[in-house]
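Take a look at the structure set out below.
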2 protein chains.
Amino acid sequence: MTEGVPERAQNMVAESVAGGVRRNSEATRAAILRAARHRFAADGYDRATIRAIAADARIDPSMVMRYYGSKENLFATAAEFDLRLPDLSDVPADRLGLALVSYFFTRWEGDSTLPALLRTASTNPAGAERMRAIFTTQLGPAVARMVADPDEAPRRAGLVASQLLGVALTRYVLRLPPMVDITPAELIDWLAPTIQRYLRDPTPPFVDHEVSGRNRDRTCH
Amino acid sequence: MTEGVPERAQNMVAESVAGGVRRNSEATRAAILRAARHRFAADGYDRATIRAIAADARIDPSMVMRYYGSKENLFATAAEFDLRLPDLSDVPADRLGLALVSYFFTRWEGDSTLPALLRTASTNPAGAERMRAIFTTQLGPAVARMVADPDEAPRRAGLVASQLLGVALTRYVLRLPPMVDITPAELIDWLAPTIQRYLRDPTPPFVDHEVSGRNRDRTCH
DNA sequence: ACGGTATGCCAACGACTGTTGACTTCCCAA
DNA sequence: TTGGGAAGTCAACAGTCGTTGGCATACCGT
(Lines give C-alpha, C1' and ligand atoms only; values in the text may rest on other atoms or scores of the structure.)
Protein backbone atom coordinates (compact mmCIF):
# COMPACT_ATOMS: atom_id res chain seq x y z
CA MET A 1 0.00 0.00 0.00
CA THR A 2 2.68 2.44 -1.00
CA GLU A 3 0.15 4.75 -2.63
CA GLY A 4 2.53 5.54 -5.45
CA VAL A 5 -0.16 6.73 -7.80
CA PRO A 6 1.41 9.41 -10.01
CA GLU A 7 -1.74 11.47 -10.11
CA ARG A 8 -3.52 11.04 -13.43
CA ALA A 9 -3.89 14.14 -15.51
CA GLN A 10 -7.54 14.99 -15.34
CA ASN A 11 -7.48 18.47 -16.69
CA MET A 12 -10.85 19.29 -18.25
CA VAL A 13 -9.51 21.94 -20.61
CA ALA A 14 -7.02 19.79 -22.43
CA GLU A 15 -6.40 18.95 -26.03
CA SER A 16 -8.89 16.37 -27.25
CA VAL A 17 -7.03 13.30 -28.42
CA ALA A 18 -8.12 9.70 -28.45
CA GLY A 19 -6.63 7.76 -25.59
CA GLY A 20 -3.21 6.33 -26.15
CA VAL A 21 -2.78 6.98 -29.85
CA ARG A 22 0.45 8.42 -31.11
CA ARG A 23 0.69 11.60 -33.08
CA ASN A 24 3.30 12.58 -35.56
CA SER A 25 5.85 15.19 -34.74
CA GLU A 26 4.10 18.03 -36.52
CA ALA A 27 0.82 17.43 -34.69
CA THR A 28 2.32 17.50 -31.22
CA ARG A 29 4.48 20.46 -32.07
CA ALA A 30 1.33 22.31 -33.05
CA ALA A 31 -0.55 21.07 -29.98
CA ILE A 32 2.21 22.30 -27.70
CA LEU A 33 2.32 25.65 -29.43
CA ARG A 34 -1.42 26.07 -29.15
CA ALA A 35 -1.46 25.17 -25.46
CA ALA A 36 1.49 27.48 -24.89
CA ARG A 37 -0.30 30.39 -26.54
CA HIS A 38 -3.34 29.88 -24.33
CA ARG A 39 -1.35 29.54 -21.14
CA PHE A 40 0.94 32.48 -21.86
CA ALA A 41 -2.09 34.60 -22.72
CA ALA A 42 -3.97 33.64 -19.59
CA ASP A 43 -1.15 33.64 -17.06
CA GLY A 44 1.86 35.50 -18.46
CA TYR A 45 5.35 34.15 -18.81
CA ASP A 46 6.18 33.40 -15.20
CA ARG A 47 2.95 31.80 -14.04
CA ALA A 48 2.53 29.75 -17.19
CA THR A 49 4.41 26.58 -16.29
CA ILE A 50 5.84 24.06 -18.71
CA ARG A 51 4.01 21.38 -16.75
CA ALA A 52 0.66 23.07 -17.26
CA ILE A 53 1.27 23.61 -20.96
CA ALA A 54 2.26 19.97 -21.31
CA ALA A 55 -0.86 18.85 -19.44
CA ASP A 56 -3.08 20.91 -21.75
CA ALA A 57 -1.40 19.32 -24.76
CA ARG A 58 -1.78 15.87 -23.11
CA ILE A 59 1.91 15.25 -23.22
CA ASP A 60 4.86 14.88 -20.91
CA PRO A 61 6.72 18.05 -19.87
CA SER A 62 9.93 16.59 -21.19
CA MET A 63 8.46 16.56 -24.70
CA VAL A 64 8.16 20.33 -24.58
CA MET A 65 11.86 20.54 -23.95
CA ARG A 66 12.61 18.04 -26.70
CA TYR A 67 10.66 20.05 -29.25
CA TYR A 68 11.44 23.59 -28.19
CA GLY A 69 14.65 23.38 -26.19
CA SER A 70 13.72 25.75 -23.39
CA LYS A 71 10.82 27.71 -21.98
CA GLU A 72 12.24 30.97 -23.25
CA ASN A 73 12.56 29.55 -26.75
CA LEU A 74 9.01 28.22 -26.59
CA PHE A 75 7.74 31.66 -25.67
CA ALA A 76 9.79 33.23 -28.43
CA THR A 77 8.07 31.16 -31.08
CA ALA A 78 4.67 31.23 -29.36
CA ALA A 79 4.70 35.01 -29.21
CA GLU A 80 5.89 35.44 -32.76
CA PHE A 81 4.01 38.57 -33.42
CA ASP A 82 3.18 40.06 -36.75
CA LEU A 83 0.77 42.97 -36.60
CA ARG A 84 0.03 42.25 -40.27
CA LEU A 85 -0.79 45.90 -40.74
CA PRO A 86 -2.61 46.29 -44.04
CA ASP A 87 -1.67 48.78 -46.71
CA LEU A 88 -3.53 51.97 -45.85
CA SER A 89 -1.94 54.09 -48.55
CA ASP A 90 -5.21 54.51 -50.45
CA VAL A 91 -7.23 55.50 -47.38
CA PRO A 92 -8.03 59.21 -47.35
CA ALA A 93 -6.03 61.09 -44.73
CA ASP A 94 -9.07 62.07 -42.71
CA ARG A 95 -10.16 58.44 -42.27
CA LEU A 96 -6.85 56.93 -41.22
CA GLY A 97 -7.83 56.87 -37.55
CA LEU A 98 -11.04 55.00 -38.28
CA ALA A 99 -9.24 52.53 -40.54
CA LEU A 100 -6.49 51.84 -38.05
CA VAL A 101 -8.83 51.37 -35.10
CA SER A 102 -11.17 49.13 -37.08
CA TYR A 103 -8.31 46.97 -38.22
CA PHE A 104 -6.86 46.60 -34.74
CA PHE A 105 -10.18 45.32 -33.42
CA THR A 106 -10.63 42.76 -36.14
CA ARG A 107 -7.14 41.62 -35.26
CA TRP A 108 -7.47 41.50 -31.47
CA GLU A 109 -10.95 40.25 -30.73
CA GLY A 110 -10.11 36.74 -31.87
CA ASP A 111 -6.42 36.60 -31.07
CA SER A 112 -5.08 36.19 -27.57
CA THR A 113 -1.47 36.84 -28.51
CA LEU A 114 -1.58 40.48 -27.58
CA PRO A 115 -2.79 39.89 -24.01
CA ALA A 116 -0.08 37.25 -23.70
CA LEU A 117 2.54 39.72 -24.80
CA LEU A 118 1.12 42.42 -22.54
CA ARG A 119 1.06 40.19 -19.49
CA THR A 120 4.59 39.06 -20.14
CA ALA A 121 6.06 42.42 -21.05
CA SER A 122 4.78 43.85 -17.77
CA THR A 123 7.07 41.69 -15.67
CA ASN A 124 9.63 40.09 -17.94
CA PRO A 125 12.39 42.40 -19.22
CA ALA A 126 12.83 40.29 -22.34
CA GLY A 127 9.10 40.60 -22.97
CA ALA A 128 9.28 44.37 -22.66
CA GLU A 129 12.19 44.44 -25.07
CA ARG A 130 10.19 42.40 -27.55
CA MET A 131 7.31 44.84 -27.20
CA ARG A 132 9.62 47.75 -27.94
CA ALA A 133 10.97 45.91 -30.97
CA ILE A 134 7.46 45.37 -32.33
CA PHE A 135 6.74 49.02 -31.78
CA THR A 136 9.91 50.14 -33.53
CA THR A 137 9.86 47.78 -36.50
CA GLN A 138 6.14 47.43 -37.18
CA LEU A 139 3.91 50.17 -35.78
CA GLY A 140 6.53 52.88 -36.16
CA PRO A 141 7.10 52.58 -39.92
CA ALA A 142 3.38 52.12 -40.57
CA VAL A 143 2.56 55.32 -38.71
CA ALA A 144 5.42 57.08 -40.49
CA ARG A 145 3.54 56.52 -43.75
CA MET A 146 0.41 58.15 -42.31
CA VAL A 147 1.72 61.32 -40.72
CA ALA A 148 2.51 64.58 -42.48
CA ASP A 149 5.89 65.38 -40.93
CA PRO A 150 8.21 62.32 -40.73
CA ASP A 151 10.10 63.84 -37.80
CA GLU A 152 6.97 63.62 -35.70
CA ALA A 153 6.30 59.98 -36.57
CA PRO A 154 7.82 58.33 -33.47
CA ARG A 155 6.01 60.64 -31.10
CA ARG A 156 2.67 60.21 -32.85
CA ALA A 157 3.19 56.44 -32.99
CA GLY A 158 3.82 56.48 -29.25
CA LEU A 159 0.57 58.30 -28.61
CA VAL A 160 -1.33 55.87 -30.83
CA ALA A 161 0.24 52.96 -28.99
CA SER A 162 -0.65 54.48 -25.63
CA GLN A 163 -4.35 54.57 -26.52
CA LEU A 164 -4.55 51.23 -28.32
CA LEU A 165 -2.50 49.33 -25.75
CA GLY A 166 -4.51 51.06 -23.03
CA VAL A 167 -7.67 49.62 -24.53
CA ALA A 168 -6.10 46.18 -24.80
CA LEU A 169 -4.98 46.43 -21.19
CA THR A 170 -8.28 47.53 -19.71
CA ARG A 171 -10.46 45.31 -21.92
CA TYR A 172 -8.50 42.05 -22.21
CA VAL A 173 -6.16 42.00 -19.23
CA LEU A 174 -7.61 44.03 -16.37
CA ARG A 175 -11.14 43.40 -17.64
CA LEU A 176 -12.65 46.61 -16.31
CA PRO A 177 -16.42 45.98 -16.59
CA PRO A 178 -17.34 49.03 -18.69
CA MET A 179 -14.55 48.27 -21.15
CA VAL A 180 -15.58 44.62 -21.38
CA ASP A 181 -19.28 45.33 -21.87
CA ILE A 182 -18.95 47.92 -24.59
CA THR A 183 -19.29 46.60 -28.13
CA PRO A 184 -16.42 46.89 -30.61
CA ALA A 185 -18.55 49.10 -32.85
CA GLU A 186 -19.20 51.61 -30.07
CA LEU A 187 -15.58 51.50 -28.99
CA ILE A 188 -14.46 52.19 -32.54
CA ASP A 189 -16.71 55.24 -32.68
CA TRP A 190 -15.13 56.55 -29.49
CA LEU A 191 -11.52 55.77 -30.36
CA ALA A 192 -11.33 56.68 -34.04
CA PRO A 193 -11.33 60.46 -33.47
CA THR A 194 -8.61 60.09 -30.86
CA ILE A 195 -6.32 58.11 -33.13
CA GLN A 196 -7.14 60.40 -36.03
CA ARG A 197 -6.03 63.38 -33.98
CA TYR A 198 -2.80 61.69 -32.86
CA LEU A 199 -2.01 60.85 -36.48
CA ARG A 200 -2.97 63.95 -38.39
CA ASP A 201 -3.85 66.97 -36.26
CA PRO A 202 -1.24 69.68 -35.78
CA THR A 203 0.88 69.58 -32.65
CA PRO A 204 -0.90 71.16 -29.69
CA PRO A 205 -1.53 73.56 -28.16
CA PHE A 206 -3.85 74.45 -31.02
CA VAL A 207 -4.91 77.60 -29.25
CA ASP A 208 -4.14 79.01 -25.87
CA HIS A 209 -6.59 77.16 -23.67
CA GLU A 210 -9.56 79.46 -23.09
CA VAL A 211 -9.46 83.18 -22.41
CA SER A 212 -7.80 83.47 -19.02
CA GLY A 213 -4.24 83.93 -20.17
CA ARG A 214 -2.35 83.18 -16.95
CA ASN A 215 -0.67 79.92 -15.87
CA ARG A 216 1.21 79.32 -19.09
CA ASP A 217 3.05 76.42 -17.43
CA ARG A 218 0.65 73.59 -16.85
CA THR A 219 3.22 70.95 -15.95
CA CYS A 220 2.89 70.98 -12.21
CA HIS A 221 -0.61 72.30 -11.76
CA MET B 1 38.57 25.51 4.28
CA THR B 2 34.97 24.49 4.03
CA GLU B 3 34.11 27.74 2.26
CA GLY B 4 30.85 28.00 4.20
CA VAL B 5 30.56 31.72 3.70
CA PRO B 6 26.86 32.57 3.63
CA GLU B 7 27.37 35.13 0.93
CA ARG B 8 27.35 38.58 2.44
CA ALA B 9 24.65 40.88 1.22
CA GLN B 10 26.49 43.40 -0.88
CA ASN B 11 23.56 44.94 -2.66
CA MET B 12 24.45 48.47 -3.62
CA VAL B 13 20.89 49.70 -3.53
CA ALA B 14 20.16 48.70 0.03
CA GLU B 15 18.89 50.66 2.98
CA SER B 16 21.69 52.66 4.53
CA VAL B 17 22.07 51.67 8.15
CA ALA B 18 25.12 51.79 10.36
CA GLY B 19 26.69 48.39 10.79
CA GLY B 20 25.16 46.22 13.44
CA VAL B 21 22.97 48.74 15.24
CA ARG B 22 19.45 47.78 16.18
CA ARG B 23 16.41 49.69 15.08
CA ASN B 24 13.09 49.97 16.76
CA SER B 25 10.07 48.22 15.42
CA GLU B 26 8.65 51.22 13.61
CA ALA B 27 11.87 51.91 11.73
CA THR B 28 12.24 48.39 10.37
CA ARG B 29 8.55 48.19 9.52
CA ALA B 30 8.99 51.33 7.45
CA ALA B 31 12.24 50.06 5.91
CA ILE B 32 10.56 46.82 4.87
CA LEU B 33 7.62 48.68 3.40
CA ARG B 34 9.87 50.98 1.44
CA ALA B 35 11.94 48.13 0.05
CA ALA B 36 8.75 46.24 -0.78
CA ARG B 37 7.34 49.17 -2.72
CA HIS B 38 10.52 49.44 -4.78
CA ARG B 39 10.73 45.74 -5.48
CA PHE B 40 7.05 45.35 -6.32
CA ALA B 41 7.26 48.34 -8.62
CA ALA B 42 10.36 47.09 -10.39
CA ASP B 43 9.56 43.39 -10.65
CA GLY B 44 5.85 42.82 -10.03
CA TYR B 45 4.34 40.55 -7.42
CA ASP B 46 5.73 37.21 -8.55
CA ARG B 47 9.32 38.14 -9.31
CA ALA B 48 9.69 40.34 -6.24
CA THR B 49 10.90 37.84 -3.67
CA ILE B 50 10.69 38.17 0.08
CA ARG B 51 14.40 37.44 0.24
CA ALA B 52 15.22 40.33 -2.09
CA ILE B 53 13.01 42.73 -0.18
CA ALA B 54 14.61 41.65 3.08
CA ALA B 55 18.09 42.09 1.60
CA ASP B 56 17.24 45.62 0.48
CA ALA B 57 16.03 46.42 3.98
CA ARG B 58 19.19 44.80 5.44
CA ILE B 59 17.20 42.35 7.44
CA ASP B 60 16.43 38.64 7.63
CA PRO B 61 13.58 37.33 5.48
CA SER B 62 11.89 35.92 8.55
CA MET B 63 11.46 39.45 9.91
CA VAL B 64 9.25 40.28 6.98
CA MET B 65 6.98 37.44 7.97
CA ARG B 66 7.02 38.48 11.62
CA TYR B 67 5.96 42.02 10.77
CA TYR B 68 3.57 41.43 7.89
CA GLY B 69 2.43 37.83 8.24
CA SER B 70 2.60 36.85 4.60
CA LYS B 71 3.76 38.09 1.23
CA GLU B 72 0.20 38.73 0.11
CA ASN B 73 -0.46 40.81 3.20
CA LEU B 74 2.75 42.75 2.64
CA PHE B 75 1.69 43.56 -0.89
CA ALA B 76 -1.75 44.56 0.29
CA THR B 77 -0.33 47.22 2.60
CA ALA B 78 2.49 48.19 0.21
CA ALA B 79 0.04 48.79 -2.62
CA GLU B 80 -2.44 50.69 -0.52
CA PHE B 81 -3.60 52.96 -3.22
CA ASP B 82 -5.44 56.21 -2.84
CA LEU B 83 -5.76 58.22 -6.03
CA ARG B 84 -6.33 61.26 -3.78
CA LEU B 85 -8.39 62.81 -6.52
CA PRO B 86 -8.86 66.50 -5.74
CA ASP B 87 -12.17 68.28 -5.72
CA LEU B 88 -12.73 69.46 -9.29
CA SER B 89 -16.24 70.74 -8.72
CA ASP B 90 -15.23 74.36 -9.30
CA VAL B 91 -13.36 73.63 -12.52
CA PRO B 92 -15.25 74.82 -15.60
CA ALA B 93 -16.71 71.93 -17.57
CA ASP B 94 -14.60 72.63 -20.63
CA ARG B 95 -11.35 72.38 -18.67
CA LEU B 96 -12.02 69.15 -16.80
CA GLY B 97 -9.85 67.11 -19.15
CA LEU B 98 -6.89 69.41 -18.69
CA ALA B 99 -7.33 69.45 -14.93
CA LEU B 100 -7.59 65.67 -14.66
CA VAL B 101 -4.59 64.98 -16.90
CA SER B 102 -2.45 67.56 -15.12
CA TYR B 103 -3.32 66.10 -11.77
CA PHE B 104 -2.56 62.55 -12.79
CA PHE B 105 0.91 63.55 -13.94
CA THR B 106 1.78 65.37 -10.75
CA ARG B 107 0.67 62.20 -8.99
CA TRP B 108 2.50 59.62 -11.10
CA GLU B 109 5.84 61.14 -12.01
CA GLY B 110 7.16 60.78 -8.50
CA ASP B 111 5.23 57.74 -7.32
CA SER B 112 6.12 54.22 -8.39
CA THR B 113 3.01 52.66 -6.87
CA LEU B 114 1.06 52.72 -10.11
CA PRO B 115 3.67 50.80 -12.11
CA ALA B 116 3.80 48.30 -9.26
CA LEU B 117 0.06 47.85 -9.40
CA LEU B 118 0.11 47.63 -13.18
CA ARG B 119 2.84 45.02 -13.24
CA THR B 120 1.09 42.97 -10.63
CA ALA B 121 -2.44 43.28 -12.00
CA SER B 122 -1.21 42.01 -15.36
CA THR B 123 -0.39 38.58 -14.01
CA ASN B 124 -1.90 38.25 -10.56
CA PRO B 125 -5.70 37.79 -10.42
CA ALA B 126 -5.85 39.40 -7.00
CA GLY B 127 -3.95 42.36 -8.37
CA ALA B 128 -6.41 42.71 -11.23
CA GLU B 129 -9.30 42.59 -8.78
CA ARG B 130 -7.67 45.32 -6.73
CA MET B 131 -7.31 47.40 -9.89
CA ARG B 132 -11.02 46.96 -10.67
CA ALA B 133 -11.88 47.94 -7.12
CA ILE B 134 -9.85 51.14 -7.41
CA PHE B 135 -11.57 51.89 -10.67
CA THR B 136 -15.04 51.29 -9.24
CA THR B 137 -14.65 53.05 -5.90
CA GLN B 138 -12.34 55.93 -6.78
CA LEU B 139 -12.16 56.87 -10.45
CA GLY B 140 -15.78 55.92 -11.17
CA PRO B 141 -17.45 58.24 -8.64
CA ALA B 142 -15.06 61.07 -9.48
CA VAL B 143 -15.89 60.84 -13.16
CA ALA B 144 -19.58 60.57 -12.32
CA ARG B 145 -19.35 64.08 -10.88
CA MET B 146 -17.88 65.38 -14.12
CA VAL B 147 -20.13 63.95 -16.79
CA ALA B 148 -23.49 65.30 -17.88
CA ASP B 149 -25.53 62.09 -17.94
CA PRO B 150 -24.90 59.88 -14.86
CA ASP B 151 -25.91 56.76 -16.81
CA GLU B 152 -22.92 57.23 -19.08
CA ALA B 153 -20.45 57.66 -16.21
CA PRO B 154 -19.06 54.10 -16.10
CA ARG B 155 -18.47 53.96 -19.82
CA ARG B 156 -16.78 57.36 -19.91
CA ALA B 157 -14.71 56.44 -16.87
CA GLY B 158 -13.60 53.31 -18.67
CA LEU B 159 -12.48 55.31 -21.68
CA VAL B 160 -10.59 57.74 -19.47
CA ALA B 161 -8.91 54.83 -17.72
CA SER B 162 -7.97 53.23 -21.03
CA GLN B 163 -6.06 56.34 -22.12
CA LEU B 164 -4.48 57.18 -18.77
CA LEU B 165 -3.46 53.62 -17.95
CA GLY B 166 -2.22 53.25 -21.52
CA VAL B 167 0.11 56.17 -20.95
CA ALA B 168 1.27 54.71 -17.65
CA LEU B 169 1.88 51.39 -19.33
CA THR B 170 3.85 52.68 -22.30
CA ARG B 171 5.79 55.31 -20.34
CA TYR B 172 6.57 53.64 -17.01
CA VAL B 173 6.33 49.91 -17.66
CA LEU B 174 7.09 49.16 -21.31
CA ARG B 175 9.20 52.31 -21.57
CA LEU B 176 8.61 52.89 -25.27
CA PRO B 177 11.29 55.47 -26.18
CA PRO B 178 9.00 58.16 -27.63
CA MET B 179 6.74 57.97 -24.59
CA VAL B 180 9.70 58.16 -22.22
CA ASP B 181 11.37 61.08 -23.99
CA ILE B 182 8.35 63.32 -24.25
CA THR B 183 8.00 65.88 -21.48
CA PRO B 184 4.99 65.87 -19.17
CA ALA B 185 3.96 69.30 -20.41
CA GLU B 186 3.83 68.17 -24.03
CA LEU B 187 2.07 64.98 -23.07
CA ILE B 188 -0.54 66.96 -21.18
CA ASP B 189 -1.19 69.08 -24.24
CA TRP B 190 -1.75 65.97 -26.32
CA LEU B 191 -3.87 64.08 -23.80
CA ALA B 192 -6.07 66.80 -22.37
CA PRO B 193 -8.34 67.07 -25.45
CA THR B 194 -8.76 63.30 -25.51
CA ILE B 195 -9.83 63.10 -21.89
CA GLN B 196 -11.98 66.18 -22.30
CA ARG B 197 -13.83 64.49 -25.14
CA TYR B 198 -14.30 61.25 -23.23
CA LEU B 199 -15.71 63.21 -20.30
CA ARG B 200 -17.93 65.79 -21.90
CA ASP B 201 -18.51 65.37 -25.62
CA PRO B 202 -21.76 63.80 -26.81
CA THR B 203 -21.76 60.11 -27.59
CA PRO B 204 -20.48 59.37 -31.08
CA PRO B 205 -21.03 59.08 -33.93
CA PHE B 206 -21.32 62.84 -34.01
CA VAL B 207 -21.98 62.72 -37.71
CA ASP B 208 -22.09 59.91 -40.19
CA HIS B 209 -18.44 59.53 -41.07
CA GLU B 210 -17.89 61.32 -44.37
CA VAL B 211 -20.16 61.26 -47.37
CA SER B 212 -19.98 57.71 -48.65
CA GLY B 213 -22.95 56.29 -46.78
CA ARG B 214 -22.34 52.59 -47.17
CA ASN B 215 -20.72 50.15 -44.74
CA ARG B 216 -22.71 51.23 -41.72
CA ASP B 217 -21.30 48.31 -39.74
CA ARG B 218 -17.67 48.91 -39.02
CA THR B 219 -17.24 46.12 -36.52
CA CYS B 220 -15.65 43.52 -38.71
CA HIS B 221 -14.41 45.68 -41.54
C1' DA C 1 10.97 -11.16 -39.13
C1' DC C 2 13.84 -7.64 -37.59
C1' DG C 3 16.34 -3.68 -36.31
C1' DG C 4 16.43 1.24 -36.33
C1' DT C 5 14.13 5.35 -35.42
C1' DA C 6 10.58 8.29 -34.00
C1' DT C 7 7.52 9.19 -30.22
C1' DG C 8 6.57 9.29 -25.54
C1' DC C 9 6.79 8.45 -20.34
C1' DC C 10 9.03 8.26 -15.83
C1' DA C 11 11.92 9.59 -12.11
C1' DA C 12 14.96 12.49 -10.55
C1' DC C 13 18.26 16.63 -9.95
C1' DG C 14 19.34 21.22 -8.43
C1' DA C 15 17.71 25.67 -7.71
C1' DC C 16 14.53 28.74 -5.78
C1' DT C 17 10.36 29.98 -3.25
C1' DG C 18 7.27 31.26 1.05
C1' DT C 19 7.14 30.06 5.55
C1' DT C 20 8.30 28.26 10.29
C1' DG C 21 10.46 27.52 14.73
C1' DA C 22 14.38 27.52 17.66
C1' DC C 23 18.18 30.15 18.97
C1' DT C 24 21.05 34.42 20.02
C1' DT C 25 21.76 39.17 21.40
C1' DC C 26 20.69 43.34 23.34
C1' DC C 27 18.11 46.85 26.05
C1' DC C 28 15.59 48.20 29.96
C1' DA C 29 12.84 47.97 34.14
C1' DA C 30 12.45 46.13 38.73
C1' DT D 1 22.00 42.35 39.38
C1' DT D 2 18.89 39.97 37.05
C1' DG D 3 15.25 38.58 34.48
C1' DG D 4 11.92 39.37 30.51
C1' DG D 5 10.80 40.75 26.29
C1' DA D 6 11.91 42.96 21.98
C1' DA D 7 14.89 42.70 17.72
C1' DG D 8 17.23 39.90 14.84
C1' DT D 9 19.76 35.54 12.96
C1' DC D 10 20.03 30.88 11.38
C1' DA D 11 18.85 26.58 9.42
C1' DA D 12 15.57 23.97 7.69
C1' DC D 13 10.95 22.27 5.71
C1' DA D 14 7.82 21.45 2.02
C1' DG D 15 6.60 22.65 -2.38
C1' DT D 16 7.22 24.02 -7.28
C1' DC D 17 9.91 25.05 -11.08
C1' DG D 18 12.88 24.17 -15.50
C1' DT D 19 15.55 20.74 -17.13
C1' DT D 20 17.87 16.13 -17.97
C1' DG D 21 18.82 11.31 -19.06
C1' DG D 22 17.32 6.69 -19.18
C1' DC D 23 13.85 3.63 -20.55
C1' DA D 24 9.57 1.83 -22.85
C1' DT D 25 6.69 1.42 -26.85
C1' DA D 26 5.01 1.84 -31.47
C1' DC D 27 5.90 2.47 -36.42
C1' DC D 28 8.24 1.35 -40.82
C1' DG D 29 11.59 0.25 -44.41
C1' DT D 30 14.20 -3.74 -45.60
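Convention: sequence-line order gives letters A, B, ...; per-chain numbering from 1.
Listed by first and then second residue, the salt bridge (charged side-chain N to carboxylate O under 4.0 Å, His left out) pairs that reach into residues 163-173 of chain A are E109(A)-R171(A), sequence neighbours excluded. Screening residues 174-186 of chain A for salt bridge (charged side-chain N to carboxylate O under 4.0 Å, His left out) gives E186(A)-R155(B) as the qualifying pairs, with residues at least two apart or on separate chains. Identified under the salt bridge (charged side-chain N to carboxylate O under 4.0 Å, His left out) test for residues 79-88 of chain B, with sequence neighbours left out: none.
Nucleotide dT5(C) holds its C1' atom 15 Å from the CG atom of N24(A), rounded to whole Å. dG18(C) atom C1' lies 12 Å from atom CZ of F40(B), rounded to whole Å. Atoms CD1 (I32(B)) and C1' (dT19(C)) sit 15 Å apart, rounded to a whole Å. Residue Y67(A) contributes atom OH, which lies 10 Å from atom P of dC9(C) at whole-angstrom precision. A straight line from CZ of R58(A) to C1' of dT7(C) spans 18 Å, rounded to a whole angstrom. Between the CD1 atom of I59(B) and the P atom of dA7(D) there is a distance of 10 Å, given to the nearest Å. Atom pair N124(B):CG and dG18(C):C1' shows a separation of 14 Å (rounding to whole Å applied). With rounding to whole Å, R66(B) atom CZ is found 10 Å from dG21(C) atom C1'.
No contact: Y68(B) has no heavy atom under 4.0 Å from any strand.
Residues that satisfy the ring-ring contact (aromatic ring centres under 6.0 Å, His included) test with F40(B), not counting sequence neighbours, are Y45(B), F75(B). With sequence neighbours left out, the ring-ring contact (aromatic ring centres under 6.0 Å, His included) criterion links Y68(B) to no other residue.
Look at R132(B) and E129(B) and you find a salt bridge, because one of the NZ, NE, NH1 or NH2 atoms lies within 4.0 Å of a carboxylate O, short of that distance.
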Between the protein and nucleotides 16-20 of chain D, which nitrogen or oxygen pairs are less than 3.5 angstrom apart?
from, atom 1, to, atom 2, distance (Å)
dG18(D), OP1, I50(A), N, 3.3
dG18(D), OP1, K71(A), NZ, 2.9
dG18(D), OP2, I50(A), N, 3.0
dG18(D), N7, R51(A), NH1, 2.6
dG18(D), O6, R51(A), NH2, 3.0
dT19(D), OP2, K71(A), N, 2.8

